[in-house]
Protein chains: 2
Amino acid sequence: MTSDDPRWLDDGEYRAWRSLLATVALLEAALDRQLQRDAGMPHAYYQVLAMLSEVPGRSLRMSDLAAITQSSQSRVSHAVAKLEAAGWVRRRPARDDRRSTIAELTAEGFAVLESAAPGHVACVRENLFDGLTRQQVDALRGICDAALDRMSGQPGAGPLREAAAAAVRAASSGGATAGGAERLA
Amino acid sequence: MTSDDPRWLDDGEYRAWRSLLATVALLEAALDRQLQRDAGMPHAYYQVLAMLSEVPGRSLRMSDLAAITQSSQSRVSHAVAKLEAAGWVRRRPARDDRRSTIAELTAEGFAVLESAAPGHVACVRENLFDGLTRQQVDALRGICDAALDRMSGQPGAGPLREAAAAAVRAASSGGATAGGAERLA
DNA sequence: GTAGAGTCCTTGAAAGTTGAACATCAATCC
DNA sequence: GGATTGATGTTCAACTTTCAAGGACTCTAC
């Protein structure tokens, strides 16, 4: 239970961990509040729209969408069902593999995303990046990439990073410049 | 929509943001999976138990518990109700203010926490800290603290950092060394 | 004292997530 | 071919979280 037991977190790690937990909790709360208020959707749904918007053809297989958003198939299925009901996404069977379903961003969905993006980005800036130096931004990326490398090797670690990358690659190889390579992060 | 618009994220920020989102998603998934499997509770509930365990008297007012865990009162209320049903937490009215409720960790709750902690800490280590250098751990803390400073000034930003600190201070001023100053993070 | 405003917590319903079935289709292997 | 295994999505039930409402109490200022 003391901090020199290698199994436990030492003081620096413990403080970093607590700060990280607090930061993530407040940040996600702020994002959800802003998006729910201004766009009527939670952050998770916004991410689905954003990911679709960045990909050629503005469409992805459901499972690739799950991989790219680091979420479960079940979650994406529910999310897309809701987004489809709102008219922001359309679902259609895949041509080559009849098990697959393609989710496609509608024009209306893209418009909603475009109108929501500035407020969202402002929220991210205000709550995170505006308080960081350039060095800290770079360090943050390095830290997260290191963690991602670590977690990608895990067994039941869920959707992997490579899977997401592969998904984008696969999608990109199809439509070349079908448009929509924007970044409404 | 281009990256030199000051309202948008530049390339470095965008990559850091995406890495952060992915990291947090995978990390929380891993923590929830581990704790659900080994202790039968989600990470949010574990945090409630852990916070209680670190405080003198192993008890806190509900609102302080909410502040310290960066969550809403409603959330904590539901969580404690569940934990109470499991026999891990007990609720009793506060002496000085009859609006308040004190949540107290039971012996059984502490035992569950003790048995769950090693696995949890191992999970945190494996998925995060073991992949980071000492400099990165320190940088992470600096980054999160900077973000927390920024978010604490926000209007509807929910429970603040100071509030949490004050909660611990308040709790500490009471029971001095009532025991339980462990760190089962 | 007491009216009004603010604090503290709980509750119930709605929204979102999860994990376990399940159904469908593809790929592999005799 | 036909059986087996694996991949892909959806759905159900259980669970967690959020939101809005409300009950109980305290504090302040007349």
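Every chain is numbered from 1 and lettered A, B, ... according to where its sequence line falls, protein lines coming before strand lines.
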With no hydrogens and no angle check, do the side chains of B:S71 and B:T69 hold a donor and an acceptor under 3.5 Å apart? yes
Hey, does B:R37 reach any base, or is it just sugar-phosphate, or nothing, if we go heavy atoms under 4.0 Å? nothing
Using a 4.0 Å heavy-atom cut-off to protein, can you give one letter per nucleotide of nucleotides 14-24 of chain D, 5' to 3': B if the base is in contact, S if only the sugar-phosphate is, - if neither? -SSBBB-----
Tell me: CZ of A:R61 to P of D:dA7, nearest whole Å? 11 Å
For D:dA7, take OP1 and OP2 only and decide whether either is under 4.0 Å from a side-chain N or O of A:S100. no
DNA chain C: 5'-proximal contact among B:I102 and A:D97 (nearest heavy atom): B:I102
Of B:D96 and A:S77, the one whose closest nucleotide on DNA chain D sits nearer the 5' end is A:S77
Suppose we screen for side chain to side chain contact (heavy atoms under 4.5 Å, CB included). Which residues come up paired with A:S115, at least two apart in sequence or across chains? none
Mind jotting down which residue pairs meet the salt bridge (charged side-chain N to carboxylate O under 4.0 Å, His left out) criterion with at least one end in residues 35-52 of chain A? Sequence neighbours excluded, please. none
Is there a side-chain contact between A:H120 and A:L31, using heavy atoms and a 4.5 Å cut-off? yes
Does a sphere of radius 6.0 Å around CZ in B:R92 hold more than 12 heavy atoms from other residues, nucleotides or ligands, not counting ones at 6.0 Å or beyond? yes
Under the salt bridge (charged side-chain N to carboxylate O under 4.0 Å, His left out) rule, collect the residues that match up with A:E108, sequence neighbours excluded. none
Please tell me whether B:I102 and B:L49 are part of a single hydrophobic cluster in this structure, the criterion being side-chain heavy atoms less than 4.5 Å apart. no
Residues forming a side chain to side chain contact (heavy atoms under 4.5 Å, CB included) with A:V112, sequence neighbours excluded: A:M41, A:W88
Could you list where the contact with chain B starts and ends along DNA chain C, reading 5' to 3', using a 4.0 Å heavy-atom cut-off? C:dG6 to C:dG12
